[in-house]
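Encoded as structure tokens, the structure appears first; notes follow it.
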Amino acid sequence: MNSTREAKMPLDKVRQMQQQAWQDPQGFWSQAAQTVTWMKPVDRVLDDSRAPFYRWFPDATLNTCYNAVDRHVEAGFGEQTAIQYVSPVTGVERAVSYGELQQQVASFAGALKGLGIVKGDRVVIYMPMIPETAVAMLACARLGAIHSVVFGGFAPPELASRIDDAQPKLVISASCGIEPSGVIPYKPLLDAALAQSQHQVDSTVIFARPQCQAELQTGRDFDWQALVDSAEPAECVEVAADDPLYILYTSGTTGRPKGVVRDNGGHAVALAWSMKAIYNIDAGDVFWAASDVGWVVGHSYIVYGPLLARATTLLYEGKPVGTPDAGAFWRIIDKYKVKSFFTAPTAIRAIKRVDAGASLLEGVDISSLQALFLAGERCDPDTLNWAADMLKVPVVDHWWQTETGWSICANPMGIAPLPIKAGSPALAVPGYQVQVLDEEGTQVAPNQSGAISIKLPLPPGTLMTLWNNDDRYRDGYLARYPGYYLTGDAGYMDEEGYLYVMGRVDDIINVAGHRLSTGRFEEVLSHHNAVAEAAVIGINDSLKGQLPLGLVVLKQGMDKDLETIKKELVALVRAEVGAVGAFKLVGVVEKLPKTRSGKILRGTMRKIANGEAVKTPATIEDPQALLVISQALAQMGLNTPEQPVLDLS
């Protein structure tokens, strides 16, 4: 059999599955739903009566926590490790079995129940990367409460905005998080957020870590362990398949967070299916997603996906480099026999920067590893090829979003591994009908760029809507091309259906896999008393993918030292957005380029900053403003001065 024929066979198999899922979604997902234990069995698979607000498995009931934990214990697998916790920042490694996890979750769910938490209540979780964070999420799912996990690195204003939107009855937190730089007390950040939020919670639960004590407010704040010690274990509550499991906030271009709503039934079916189909993980295998539970990767593939599949999930509190070195990932894969490993391209770039020759791989046995999966940002071919050369395993780029909850395009390693093309996350996963559309909504020819869109209905496991905001969901995702979901990314497909995602079509930037709103940065910069106007763009960065760059116009008559203002602006963003924003670059300019209608030309500025040639937009109000920007950015060393970046003809 020749190599061309060998390559064509998996392509044909995936295309056949794509067609099956598109043409008969009822049959395809009915079969996939058999891996989930239902309390009320599936009757209807898809409810399209309120299109474009589709619902999967609308008449069925289940409990996600039961599917992730209890059923495995009942089946005799209580001794298997469910969570392997590895924390180089504390020097602690411990295994939590499925039996232990069931006991911990049931007890904590009982504690929450004692505080009045019932089905449908919202609970915000603001915690570090410790097993108790997964316990808190699962305890909410056990009760039918809706959790909303907020990344522990967010500053109080960001946490407050999410509290105001979700309106939780309770916040669960810990006394601290731990970074390589030291201990970060969480309780003062939580107290500040609660003081800033309009919505007032009934109570908080604080998990005490030995590295930091938290001061508890009598009557509002409760100690985790004290509550658990006196709690009666709670049973799993029956919920409808289309009841919300969680709200996860993602950045909006206005700076206001968008609460993505995930259901219980479709989520369980999609993630359980994806663990084998995409990651080739079977029950008993060890899976590691080196992310954070504050992001969608942590929800889907640190907590729910691996546990639904009865795998062992590795929960890592550390960094790719510096905890203690750039060989940490490889030694952990060796020690715990990780089969599939998932991280962001940023992490691999950081390792490559420190250990380009992969000397720290010497003497380390990573033979258990069958594939490295990369997502969270565009993976440049150099990074993918370096990792493949060093690790000697397939390096699989795959593409998805907070909104979708699992892969839109991927190389299905558990079904039919496809030939890898660097720069592409391969084909659309069965269930997603991905098309590239032009401005009129017409599908473009192969290798032609356009807006990446997905024909409705989206498959199970994707967002139901935005929390308490159907209109924003419709306007932001569905209105541009009726009958399609707009991903917000631009790109093209080649002749074989491989997708190439080239960048955002809106003003979201991707910093080390974290999607952040430029609008939010601009809001903060504009609060400074010296700033008249501000614009933030994402510039290319070899390590983090993108970095935010702020351009500000100062108020007239400002005689304050420019360097002092810049330092104050950086500090202000760090305090309001958090260190996760990696905001360090600020330029002061005389004017910002705008259209005649007043829209700031961020896309044009972004091209200039990245050294790309641009033509002057026909709608620009003052073409000389682009020269001002070009000169300012050149002085910052952000474009190549000898390269002509403007065409003012």
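Worth saying up front: this structure is predicted, and the values here are computed from it rather than measured.
- Among residue pairs with one or both ends in residues 112-144, those qualifying as ring pair (Phe, Tyr, Trp, His ring centres under 6.0 Å) are Tyr126-Tyr186; sequence neighbours excluded.
- In the displayed structure, Gln19 atom CD is contacted under 6.0 Å by more than 12 heavy atoms of other residues, nucleotides or ligands.
- Between Glu132 and Phe108 the shortest side-chain heavy-atom distance does not fall below 4.5 Å.
- Taking 4.5 Å as the limit, some side-chain heavy atom of Val135 sits within range of a side-chain heavy atom of Trp224.
- Thr204 is linked by a side chain to side chain contact (heavy atoms under 4.5 Å, CB included) to Val171, Leu190, Leu194, Val201, Ile206, Arg220, Asp221, counting only residues two or more places apart in sequence or in another chain.
- Heavy atoms of other residues, nucleotides or ligands lying less than 6.0 angstrom from NZ of Lys339 number more than 12.
- Contact of the Leu101 side chain with the His72 side chain is not registered, since no non-hydrogen atoms from C-beta on lie closer than 4.5 Å.
- Scanning both residues, Asp285 and Asn280, for their nearest heavy atoms gives OD2-O, 4.0 Å.
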Test ring pair (Phe, Tyr, Trp, His ring centres under 6.0 Å) on Phe28 and Trp22; report intermediate values, then the result. CA-CA 9 Å; Phe28 186 90; Trp22 296 341; over 10 Å; no
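- Shown here is Glu232, whose CD atom has no more than 12 heavy atoms of other residues, nucleotides or ligands within 6.0 Å.
- The closest donor-acceptor contact from the side chain of Lys169 to the backbone of Gly116 lies under 3.5 Å.
- Between Arg474 and Asp471, at least one side-chain nitrogen of the basic residue sits less than 4.0 Å from a carboxylate oxygen of the acidic one, meeting the salt-bridge criterion.
- Side-chain contact between Ile146 and Asp121 is absent, with no heavy atoms from C-beta onward closer than 4.5 Å.
- Annotation for Gln16: atom CD does not count as buried by contact number, only 12 or fewer foreign heavy atoms lying within 6.0 Å.
- Between Thr312 and Gln84, the side chains place no donor N or O within less than 3.5 Å of an acceptor N or O (distance only, hydrogens not considered).
- Using the six-membered ring where Trp is involved, Phe341 and Trp288 have ring planes that are tilted, between 30° and 60° apart.
- For the pair Lys258/Thr402, no side-chain contact is recorded, criterion being any heavy-atom separation below 4.5 Å from C-beta on.
- If you look at Phe373 and Tyr301, their ring centroids are not closer than 6.0 Å.
- To the nearest 0.5 Å, atoms CZ (Arg262) and CG (Asn264) are separated by 11.5 Å.
- Below 30°, between 30° and 60°, or above 60°: for Tyr477 and Tyr473 the angle between ring planes is between 30° and 60°, a tilted geometry.
- Panel note: side chain Asp263, backbone Leu245; no donor-acceptor pair is recorded below 3.5 Å.
- The ring-ring contact (aromatic ring centres under 6.0 Å, His included) with Tyr432 is formed by just one residue from the set Tyr485, Trp406, Trp400; it is Trp406.
- By the 4.5 Å heavy-atom criterion applied to side chains, Val73 and Asp70 are not counted as neighbours.
- A donor-acceptor distance shorter than 3.5 angstrom exists from the side chain of Thr487 to the backbone of Ile452, with no hydrogens or angles considered.
- A donor-acceptor pair under 3.5 Å is formed between the side chain of Arg71 and the backbone N or O of Asn67.
- Taking every heavy atom of both residues into account, Ala33 and Phe57 meet most closely at CB-CE2, 3.9 Å.
- Defined by atom type and a distance below 3.5 Å, a donor-acceptor pair is present between the side-chain atoms of Glu74 and Tyr66.
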Pair Asn469-Asp165, side chain to side chain contact (heavy atoms under 4.5 Å, CB included): steps then yes or no: CA-CA 10 Å; Asn469 207 332; Asp165 195 74; over 6 Å; no
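- Using cut-offs of 30° and 60° for the angle between ring planes, the His299 and Tyr246 rings count as tilted.
- Minimum interatomic distance between Ala111 and Val228 (heavy atoms only, all atoms of both residues): CB-N, 4.3 Å.
- Of the possible polar contacts, none joining the Arg55 side chain to the Asp242 backbone as a donor-acceptor pair under 3.5 Å is found.
- At least one side-chain heavy atom of Val205 sits less than 4.5 Å from a side-chain heavy atom of Leu115.
- Not one N or O on the side chain of Thr81 forms a donor-acceptor pair closer than 3.5 Å with the backbone of Ile83.
- Put simply, the side chain of Arg310 never gets that close to the backbone of Leu308: no donor and acceptor are under 3.5 Å apart.
- Within 6.0 Å of the CD atom in Gln26, the count of heavy atoms belonging to other residues, nucleotides or ligands exceeds 12.
- Contact check for Gln196 versus Pro157: side-chain heavy atoms found under the 4.5 Å cut-off.
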